[in-house]
Amino acid sequence: MREILGRRRKLSLRRGDRSAVLSAALAYATEWQWPVLPGAGLRADGGRVRRCSCPQPDCAAPGAHPFDPGLLAATTDARMVRWWWTNRPDAPVVLATGGRAPCAVSLPAVAGARALVAFDRAGIRLGPVVATPTRWALLVAPYSLEVLGELLHRQDWVPGSLLFHGEGGFVALPPSPTGAGRVRWERAPQPGSSTELVKGAFGGGIRTFRADRAGRGERKERTTGPARPWLPDVSSLVDVLVEETAGTGTAGGGSRLAF
């Protein structure tokens, strides 16, 4: 009897995870107008070991990258999003960066944690920060390759641990299951206007609220209309990261953000 109840509990939790992923994908696409698509996902390989579903045996981002469909299929269409995750409920939610969508700067998790301390100390406001156990990604306002090139050209040195996700790039969003672990918000999205964002139980189910226009101070749930999170300019992030990594006096010429 206990075994049966245990199985039912696991199935219930699994369905909850799937529901959270679908809800998050719909919120990203329809409320924030972020183009998303399902990632490659994971497959069982010898018991509890789960590997990327793509054909690459040494995949660098297991489950957390586009495969079928490809990146160009990313959309904000609710019907397409619902169809994808109805057929593949365990698929990670992948954001196609660039264009009118957010871009990102990512770095190893240890470096990311230290970088956030530096930003807080400098009084620099951050946007959403996406985290896995191995790597963090800071979402930023859209930028072009030309703007990024000029920005990096002005720097004396840019750490190799930084990766820039612009046009043609992608980032897995919460609460996606990936080979590196479940994706979560290290810094939750904050509203760019008077809209308030509320995270769901898995960090991906998002509802939006607005103040009552009659001035009663009540909050009403809103399921339509723009509610995009605030995003910082990439230059404010790169400047601090470079300053923190360019010769901080650590042994061997390293830096506090070296990984």
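Relative orientation of the Y28 and W185 rings is perpendicular, given thresholds of 30° and 60° on the angle between their planes.
Taking every heavy atom of both residues into account, P232 and R125 meet most closely at CB-O, 3.9 Å. Considering all non-hydrogen atoms of both residues, P174 and A24 come closest at O-CB, 3.8 Å. In terms of heavy-atom proximity, A104 sits nearest to V171 at CB-CG2, 3.8 Å.
Using a 4.5 Å heavy-atom threshold, the side chains of V117 and F119 count as separate. Under the 4.5 Å side-chain criterion, counting only non-hydrogen atoms from C-beta, P128 is in contact with L231. By the 4.5 Å heavy-atom criterion applied to side chains, F67 and S53 are not counted as neighbours. Taking the side chain as every heavy atom from C-beta outward, L37 and V93 never approach each other to under 4.5 Å. Side chains of V129 and L139 form no contact here, defined as non-hydrogen atoms less than 4.5 Å apart. Under the 4.5 Å side-chain criterion, counting only non-hydrogen atoms from C-beta, P62 is in contact with L42. In this structure, F170 and P66 have side chains that are in contact, with non-hydrogen atoms separated by less than 4.5 Å. With contacts defined as side-chain heavy-atom distances shorter than 4.5 Å, the pair V21/W85 qualifies.
Rounded to the nearest 0.5 Å, atoms CG (L95) and CH2 (W32) are 10.5 Å apart. In this structure, C103 SG and Y143 OH are separated by 5.0 Å, a value rounded to the nearest 0.5 Å. Atom OG1 in T178 sits 10.5 Å away from atom NE2 in H65 (nearest 0.5 Å).
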Determine, step by step, whether D233 and S235 satisfy the side chain to side chain donor-acceptor pair (under 3.5 Å) criterion, reporting the C-alpha distance in whole Å, the side-chain angles of both residues, the deciding distance to 0.1 Å, and the verdict.
-> CA-CA 5 Å; D233 187 82; S235 63; 2.4 Å; yes

Full working for side chain to side chain contact (heavy atoms under 4.5 Å, CB included) between V36 and V81 | CA-CA 8 Å; V36 298; V81 170; 4.0 Å; yes

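The residues D120 and R187 are annotated as salt-bridged, a charged nitrogen and a carboxylate oxygen being separated by less than 4.0 angstrom.
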